[in-house]
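Worksheet for the structure shown next.
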Protein chains: 2
Amino acid sequence: MLTKKSQYAFKALGYLADKQQDGPVLISEIAKKKRIPLKFLENILLELKKADILESKKGKGGGYFFKKDPADVKMATVIRLIDGPISMLPCVSLYFYERCKNCDEKHCGLNDVMKQVRDATLQVLENRTLKDLQD
Amino acid sequence: MLTKKSQYAFKALGYLADKQQDGPVLISEIAKKKRIPLKFLENILLELKKADILESKKGKGGGYFFKKDPADVKMATVIRLIDGPISMLPCVSLYFYERCKNCDEKHCGLNDVMKQVRDATLQVLENRTLKDLQD
DNA sequence: TATAAAACCTACCAACTAAGTAGACTAATA
DNA sequence: TATTAGTCTACTTAGTTGGTAGGTTTTATA
């Protein structure tokens, strides 16, 4: 399951994608409209900024807005950033790989199946972007 | 990610599937061969028994063995039993559904995408069985 | 029928993670 | 220079994960 954190991230990103033409959007506005705890949302947006997905402006008239085009940010990227691995096992993960102890990946039935699951999942998440979150 | 618990469950089930012709297998034998903490494995096997996947015999000459045919037990069933939901969001889960607050499932982009992920995942996990874990 | 083997059961625990909060600091603008 | 708004560091609290301890019950067999 996705954590609350990444669910909030997607909600916020969807909102920002909708408001892309309106200039900077306040954290407090997003928090209110999407019912996300304000301080928690602060952390999330900051992470998204540090990952170069969002940009921000301080002071009056400030707020958050997209740095990249939403259509260029894959869902998979956001999940990996906020939650970590997408795969069901470390030994089949592409970005968070860890080798299996006591099991030879070359002929491990579980490994095989979980690789299939991974590929099926990524087929979706690598081809859908934040643009798909817009109304 | 799968928990250690369900990973251990799969290891143990794979071992039992291999030894299906040999009569009851000791917990301690599985624990040793698959390097699973003994007492932890006890709990896991008990859960699998209560779910009617395994059967056990007490006393001398006892142990664990399959109640169902491994080929009739889907991977998805084991994951749901040990770890819970397979879906990435409660609002797209088939077995652990919870409705979304503050978001209309009828036109929610995230919901749409996560339904696709769910279906792609289940396509694999509902069609692979414990038989696929055998050597 | 005693005894040993084996699963079963209840309870506990330490470490970690998820989810969120508090409060001070920095930068931009009017 | 006052106000606005994001940034940063640190903390808290509840729940989950990954176990462990130790006793109870059931069964085969000598």
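Just so we're on the same page: letters track the sequence lines, and every chain starts at 1. All figures in this text were calculated on a predicted structure; none of them were measured in a lab. Computed over heavy atoms, backbone and side chain alike; hydrogens, waters and symmetry mates excluded.
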- Atom CG in B/D72, atom NZ in B/K131: separation rounded to 0.5 Å?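 NZ of B/K131 is found 10.5 Å from CG of B/D72.
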
- Message: To the nearest 0.5 Å, what is the distance between CZ on A/F96 and CE on B/M1?
- Response: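 The CE atom of B/M1 is 9.0 Å from CZ of A/F96, to the nearest 0.5 Å.
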
- Query: When you match B/K50 and A/L2 each to their closest nucleotide on DNA chain C, which lands nearer the 5' end?
  - Reply: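 Its nucleotide being nearer the 5' end, the pick is B/K50.
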
- Query: In terms of the nearest nucleotide of DNA chain C, which residue is placed more toward the 5' end: B/G62 or A/K5?
  - Reply: B/G62

- Quick one: is D/dT7 close enough that its OP1 or OP2 comes under 4.0 Å of any side-chain N or O from A/S56?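 Result: yes.
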
- Item | Salt-bridge criterion met for B/E42 and B/K39 (N-O under 4.0 Å) | yes

- Item | Residues A/K50 and A/E55 bridged, charged N to O under 4.0 Å | no

Can you see which heavy atom on [X] is nearest to which on [Y], and at what distance?
{"X": "A/V92", "Y": "A/M114", "value": "CG2-O, 4.0 Å"}
{"X": "B/Q7", "Y": "B/L2", "value": "NE2-O, 3.3 Å"}
{"X": "A/V124", "Y": "B/A120", "value": "CG2-CB, 4.5 Å"}
{"X": "A/P70", "Y": "A/Q20", "value": "CD-NE2, 3.3 Å"}

- Using the C1' atoms of the five pairs at each end, what is the angle between the end axes of the helix from C/dT1-D/dA30 to C/dA30-D/dT1, to 10°?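 Computed angle between terminal axes is 0°.
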
Length of the [atom1]-[atom2] vector between [X] and [N], whole Å:
{"X": "A/Y8", "N": "C/dA18", "atom1": "OH", "atom2": "C1'", "result": "11 Å"}
{"X": "A/D83", "N": "C/dC16", "atom1": "CG", "atom2": "P", "result": "20 Å"}
{"X": "A/N43", "N": "D/dA10", "atom1": "CG", "atom2": "P", "result": "14 Å"}
{"X": "A/M1", "N": "C/dA18", "atom1": "CE", "atom2": "C1'", "result": "13 Å"}
{"X": "B/F40", "N": "C/dC12", "atom1": "CZ", "atom2": "C1'", "result": "15 Å"}
{"X": "A/L38", "N": "C/dT21", "atom1": "CG", "atom2": "C1'", "result": "11 Å"}
{"X": "A/I44", "N": "C/dT21", "atom1": "CD1", "atom2": "P", "result": "12 Å"}
{"X": "B/E47", "N": "C/dC9", "atom1": "CD", "atom2": "P", "result": "12 Å"}

- Query: Where the side chain of A/Y64 is defined as all heavy atoms beyond and including C-beta, which of D/dT17, C/dT21, D/dG6 is the nearest nucleotide?
  - Reply: D/dG6

- B/K49, nearest nucleotide to its side chain (from C/dC8, C/dG20, C/dA18): C/dC8

- Task: Sequence neighbours left out, what passes salt bridge (Lys or Arg N to Asp or Glu O under 4.0 Å) with B/D22? Give chain and number order.
- Result: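 With sequence neighbours excluded, B/D22 shows a salt bridge (Lys or Arg N to Asp or Glu O under 4.0 Å) to no residue whatsoever.
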
- Query: Which is true for B/L26 with a 4.0 Å heavy-atom rule: it touches a base, it touches only sugar-phosphate, or it touches nothing?
  - Reply: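 The residue B/L26 makes sugar-phosphate contact but no base contact.
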
- Task: Would you indicate what B/I27 reaches in the nucleic acid, counting non-hydrogen atoms under 4.0 angstrom: base, sugar-phosphate, or nothing?
- Result: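 Sugar-phosphate: the residue B/I27, judged by heavy atoms under 4.0 Å, touches backbone atoms but no base.
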
- Note on the structure: Counting primed atoms, P, OP1 and OP2 as sugar-phosphate and everything else as base, the B/S/- map of nucleotides 23-30 of chain C against protein heavy atoms under 4.0 Å is B--BSBS-

- Under 3.5 Å side-chain donor-acceptor pair for B/K49 and B/S56: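 Side-chain D/A pair, B/K49 to B/S56: present.
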
